Structure formats: C-alpha cells, structure tokens
Asker: 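Just passing along the structure, written as structure tokens.
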There are 2 protein chains.
Amino acid sequence: MKLEILTNNDNQEIQNGIISNIRDLINYKNLEPGDKLPSERMLSEKFGVSRSNVREAIQKLEFYGILKSKPQSGTFVADIGQVAMNGMLDDILRLKTPDFKSLVETRILLELKTVRLASQRRTDKDLEKMEQALEAYKQKVTNGEDAVQEDLLFHLAIAKASGNSTMNTFMLIITPEIITNFEKYHVCDKNQAFMGIQEHQDIFEAIKAQDPQLAKEKMKIHFKTLYQYCYNI
Amino acid sequence: MKLEILTNNDNQEIQNGIISNIRDLINYKNLEPGDKLPSERMLSEKFGVSRSNVREAIQKLEFYGILKSKPQSGTFVADIGQVAMNGMLDDILRLKTPDFKSLVETRILLELKTVRLASQRRTDKDLEKMEQALEAYKQKVTNGEDAVQEDLLFHLAIAKASGNSTMNTFMLIITPEIITNFEKYHVCDKNQAFMGIQEHQDIFEAIKAQDPQLAKEKMKIHFKTLYQYCYNI
DNA sequence: ATAACCAATCTGGTTAACCAATTTTTCAGG
DNA sequence: CCTGAAAAATTGGTTAACCAGATTGGTTAT
C-alpha cells in the first residue's frame with residue numbers, strides 16, 4: 001500500500017462503496033458512539049460483497065479511528081459523534097492519491113521543522129548516525145556513483161534525531177514516493193549531487209552546533225538548489 | 001490500525017520479528033532492487049510463523065515502498081538500493097507509537113501551513129464548507145453542548161481547502177488520536193470553547209480575505225489559548 | 001540452432017471452514 | 001416471579017483449501 005493509503009489494488013472502488021454503505025447505515029440507524037455495528041457476515045451479505053472486503057473496509061476505518069473492533073464481541077463506532085464521523089468519512093472517501101507537488105510541499109514543511117528540532121534535541125548517538133550517513137553519501141558522490149539512497153538516509157537520520165515520532169513516521173511514508181518520482185523525472189543529476197555534499201555538511205554542522213535557525217537556513221538552501229530545476233513538471 | 005501504524009494488535013512483536021528476518025534474508029542473499037523474494041509459503045515455513053503473518057509484514061513493507069508484490073508472480077524488492085533499504089527497515093523496526101506531545105507538535109506544524117495554503121487556494125465551495133462547519137460549531141457552543149467534533153470538522157475543512165492532499169491525509173491520520181487524548185485529559189472546557197468561536201471566526205475571515213499571514217497569526221492565537229493549560233501533561 | 005508452443009508448477013489472492021472468546025438465551029431451583 | 005448457571009448462538013480472528021494467472025522448463029517443428 002502506497003499513500004493511496006491502505007489500498008494496494010484497484011478494488012478501491014468497491015471498498016469505497018462499502019465505506020459509504022457503512023456510513024449510510026450508521027446515519028439511517030442513528031448509531032451513536034459506542035453502538036455496535038452489525039456483524040461482518042451480516043454486512044457482507046447485506047452489501048453483496050465478500051466478508052474479506054468488509055473486513056478491509058472496517059480495518060481502514062479503524063486506522064482513521066472511526067471504528068473499533070473487539071475480538072470476540074463486535075465492531076463498535078468510536079467515541080466521536082455523528083457529525084465528525086460523517087465529515088471524516090466524506091474526507092476519506094474523497095481522498096485522492098497525492099500528486100508530486102503535494103508531496104514535495106509536505107516534505108519541505110516537515111524537513112524545515114525536523115532540522116530545527118534535531119538541532120535542539122539531537123543526542124551524541126544521533127550525531128554519529130548522521131555523520132555515518134553523510135560519510136557514505138560523500139564517498140558515493142566522489143566515486144561518481146548514484147547517491148540518492150544515501151542522500152535519503154541522511155535526511156531520515158535528521159528526522160529520527162528530531163525526537164518527534166509522528167514526523168519521523170510521516171517522513172518514512174512519503175520518502176518512497178518522493179524517490180520514485182525523483183527517478184521518474186531524473187531530478188538528481190551529478191552536478192547537484194556534488195553541490196549536495198557541501199550543503200549536507202553545512203546542515204550537519206549547524207545541527208552539531210545546536211543552531212536551529214542556521215540549520216533551517218542551510219536546509220532551505222539545500223532544497224532551493226534541489227528543486228529549482230524540477231518544480232515545474 | 002492506529003498510528004502505531006498498520007498494526008491493530010499486540011502481534012507487533014512477531015511482525016517486527018518477521019520484518020527483521022526479511023531484512024537479514026535480503027542482506028544475506030544480497031538481494032538487489034527488482035529481485036524476487038521467496039514465496040510467502042516458503043517464508044512462513046522458514047520463519048516458523050503463519051502465512052497470514054508473513055502477508056501482514058509484507059503489506060506493511062509494501063506500504064513503506066520497500067517491497068512490491070505482483071498478483072500471480074511474486075514479491076519483489078522495490079527500486080531502492082540495499083543501503084536505503086536497511087536504513088528504512090531499521091527505522092520502521094524502531095518506530096514507537098507517538099506520544100501526545102509529538103502529535104500536538106505535528107498538528108500545529110501542519111495547521112499553520114494548511115491555513116496559509118487555504119488562504120491562497122480556497123475556492124468558493126471550500127468557503128461554503130468551512131462556513132457550514134463554523135456555523136455548526138457556534139450553535140453547539142452557544143447551546144452549551146460539547147463541540148469537539150464541530151471544532152475538528154472546521155479544521156479538517158481548512159486542511160481540505162489547502163489543496164494539498166498529503167497534508168490532508170496526515171491531518172486525517174492524527175485527528176482521531178488528538179481527539180482521544182483531548183477527551184482523556186479533558187482539554188476542551190466550556191470557556192475555551194466560547195473563546196474558540198471568535199478565534200475560528202477570525203481564521204475564517206482571514207482565509208476568506210485571502211490573507212495568509214493574518215490567517216497564520218490567528219491560527220497561532222487559537223493554538224496558544226488551546227494548549228496554554230494542557231501542554232504540561 | 002532457434003523459435004514457438006504446451007503442460008506442469010508455482011505464485012499471490014480469495015474464499016470457506018474452523019476456533020476460541022463472548023454474549024445471549026434458556027430453564028431449573030428457589 | 002426471580003436468580004444464576006449452563007448451554008446455545010454469535011462474534012471477530014485464524015487457518016487451511018482453493019483459484020486463476022504467471023512462470024518455467026522441456027519438447028517439437030521449422
């Protein structure tokens with residue numbers, strides 16, 4: 001499953017159908033927080049789909065905190081009221097697979113924050129990890145090899161050093177999509193990789209010196225040279 | 001599945017075991033991008049776990065873009081090299097369920113951005129939706145009722161108006177956890193809800209007037225009064 | 001020697017049967 | 001009429017069987 005979240009296949013169609021069926025059922029039956037949904041078997045029969053499909057849909061809704069299923073008891077609507085429930089369900093149904101621009105925008109937002117947090121919170125162990133990643137990146141670039149992976153690892157090391165597990169998770173989620181798009185559009189050429197060494201070094205030094213503002217500035221520069229060619233694709 | 005991502009249960013343990021087994025196997029066999037993993041059946045036997053467990057682990061890795069399984073063919077390592085792969089796998093294995101502080105930090109970051117984007121990109125239809133949510137919120141508060149849901153819906157409407165589907169998704173992901181924690185710690189009392197009306201109104205006006213800077217300031221104020229009592233829990 | 005074809009096998013995905021825990025119903029005993 | 005215990009039915013979760021499509025290796029015709 002990519003960020004077209006929690007749905008590998010094109011059965012997205014029928015899954016959304018099930019979700020909207022569940023929504024209608026909740027509204028029609030006026031189910032309130034804590035109430036029990038009909039059993040999976042009943043739902044699968046009612047909607048004319050397989051039980052696995054129902055289970056997938058329920059799991060997706062569970063991911064978003066809308067339902068909560070208890071092992072040998074039933075599936076219950078969570079402690080959020082009908083209004084919020086309907087609003088969220090509409091959002092979930094309308095969610096589109098993110099475009100590249102949206103991904104880049106989000107990545108920049110996240111990284112300008114994680115680099116500041118990392119400057120404040122990094123431990124010595126974090127610094128070690130980052131230095132390792134930086135060293136590996138240098139080596140690859142100077143050997144003229146492709147260094148997209150090492151570049152990525154350096155940024156993930158920063159995210160980890162930020163001490164914010166949510167942002168760390170989000171970085172992990174968008175990273176593979178970013179890479180895919182980079183490769184598709186041939187973003188990282190050799191010149192930029194070479195400039196990247198100094199930029200990475202600057203970022204690292206700022207984090208080491210625990211200077212959040214400087215770190216942010218250096219990260220901005222890094223992104224500027226990175227995206228100056230490729231933002232209009 | 002909550003943000004302890006893609007894992008409802010406490011079988012987290014054995015799933016991480018499988019993932020680390022897969023990592024070892026990839027390293028030991030020197031599997032490169034595009035190579036095929038052993039079949040699910042073989043892995044389940046090799047690791048001494050059920051095939052469903054293996055499938056779950058694979059799906060999780062697929063979510064992070066590390067593996068890619070083709071229907072009647074096999075599971076393949078994605079187009080990211082061994083170095084990045086190992087780095088990401090380590091991160092994934094170390095991922096902890098996010099603490100409340102991390103969630104709040106991330107929410108503020110996201111919302112200060114989405115509100116600016118919404119100011120620039122909001123359509124008339126977006127404005128309508130936001131006004132509806134705002135109106136519902138006012139009504140509930142003036143009636144002395146609990147309005148956490150309506151508050152949330154207003155913020156989600158902003159996220160949608162931002163036109164950034166990735167941030168919208170992330171907001172949807174963290175929202176339920178935020179709500180749960182809010183309720184657990186009794187964050188939103190009646191006084192704050194009343195102040196919230198004016199604050200929401202201000203934010204809405206700024207977005208309507210397409211003034212990103214003002215919108216951000218108003219959002220900052222909103223968060224300040226919201227978290228001033230509860231940040232030290 | 002090469003290309004085309006075919007059947008046996010292996011693949012991830014799907015469905016149906018099964019399980020243990022829970023909830024509801026039942027009914028004997030007071 | 002209750003009460004309560006036990007049995008029957010229902011639940012989500014798990015496992016095993018099955019499926020259709022893809023792969024593979026060998027065979028044959030050119």
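Here the structure is a predicted model, which is why all the values come from computation and not from measurement. A, B, ... follow the sequence lines: proteins, then strands. Residue 1 opens every chain. Side chains included, hydrogens not; waters and symmetry mates left out as well; all remaining heavy atoms used.
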Asker: Please state how far atom CG in B/L43 lies from atom P in C/dG13, giving the value in whole angstrom units.
Answerer: 13 Å
Asker: Between B/S165 and B/N168, does any side-chain donor sit less than 3.5 Å from a side-chain acceptor?
Answerer: no
Asker: Whole-Å distance between D/dT11 P and A/K70 NZ?
Answerer: 16 Å
Asker: According to a strict under-4.0 Å criterion, is B/S50 in side-chain N/O contact with OP1 or OP2 of D/dT15?
Answerer: yes
Asker: Without decimals, in angstroms, what is the distance between B/E62 CD and C/dG12 P?
Answerer: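 Those two atoms, CD and P, are 11 Å apart.
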Asker: Nearest to the A/S73 side chain among C/dG12, D/dG12, C/dT22, which nucleotide is it?
Answerer: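 Taking heavy atoms from C-beta onward, the closest nucleotide is C/dT22.
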Asker: Measure the distance from CD on B/Q72 to C1' on D/dT24 and round it to the nearest whole Å.
Answerer: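 Roughly 16 Å, once rounded to whole Å.
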Asker: To the side chain of A/M42, which of D/dG21, D/dT11, C/dT15 is closest?
Answerer: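 Per side-chain heavy atoms of A/M42, the pick is D/dT11.
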Asker: Do any side-chain nitrogens or oxygens of B/S69 fall under 4.0 Å of OP1 or OP2 in C/dG13?
Answerer: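 Yes.
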Asker: At under 4.0 Å, does any side-chain N or O of A/R51 touch on OP1 or OP2 of C/dA16?
Answerer: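 A/R51 to C/dA16 OP1/OP2: no side-chain N or O under 4.0 Å.
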Asker: How close or far is atom P of D/dT14 from atom CG of B/N53, stated in whole angstroms?
Answerer: 8 Å
Asker: Could you tell me how far apart A/Q59 (CD) and D/dT14 (C1') are, to the nearest whole angstrom?
Answerer: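 After rounding, the reported distance stands at 13 Å.
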Asker: Once you round it to whole Å, what is the distance between P of C/dT23 and NZ of A/K36?
Answerer: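 It is 8 Å, rounded to the nearest whole Å.
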Asker: For A/S52, report the nucleic acid contact type (base, sugar-phosphate, nothing); a contact means any heavy atom under 4.0 Å.
Answerer: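 Base: the residue A/S52, judged by heavy atoms under 4.0 Å, touches a nucleobase.
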Asker: If you take atom types as modelled and just measure distance, does the side chain of B/R41 reach the base of C/dG12 with a donor-acceptor pair under 3.5 Å?
Answerer: yes
Asker: Could you check which of C/dT11, D/dT14, C/dT15 has an atom nearest any side-chain atom of B/S39?
Answerer: C/dT11
Asker: Do you know the tightest heavy-atom contact between A/A147 and A/K140?
Answerer: CB-CB, 3.8 Å
Asker: Between A/R55 and D/dG12, does any side-chain N or O lie under 4.0 Å from OP1 or OP2?
Answerer: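 Answer is no, no contact under 4.0 Å.
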Asker: When you look at B/Y64 and A/T169, which way does the side chain to side chain contact (heavy atoms under 4.5 Å, CB included) test go after all the steps?
Answerer: CA-CA 10 Å; B/Y64 286 110; A/T169 303; 4.0 Å; yes
Asker: Looking at A/A157 and A/M130, what are the two nearest heavy atoms and their distance?
Answerer: CB-CG, 3.6 Å
Asker: May I ask you to decide whether B/D90 forms a salt bridge with B/R23, counting only side-chain N to carboxylate O separations under 4.0 Å?
Answerer: yes
Asker: What is the distance, rounded to the nearest whole Å, between atom CD of B/E45 and atom P of C/dT11?
Answerer: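 Taking atom P of C/dT11 as the reference, CD of B/E45 is at 12 Å.
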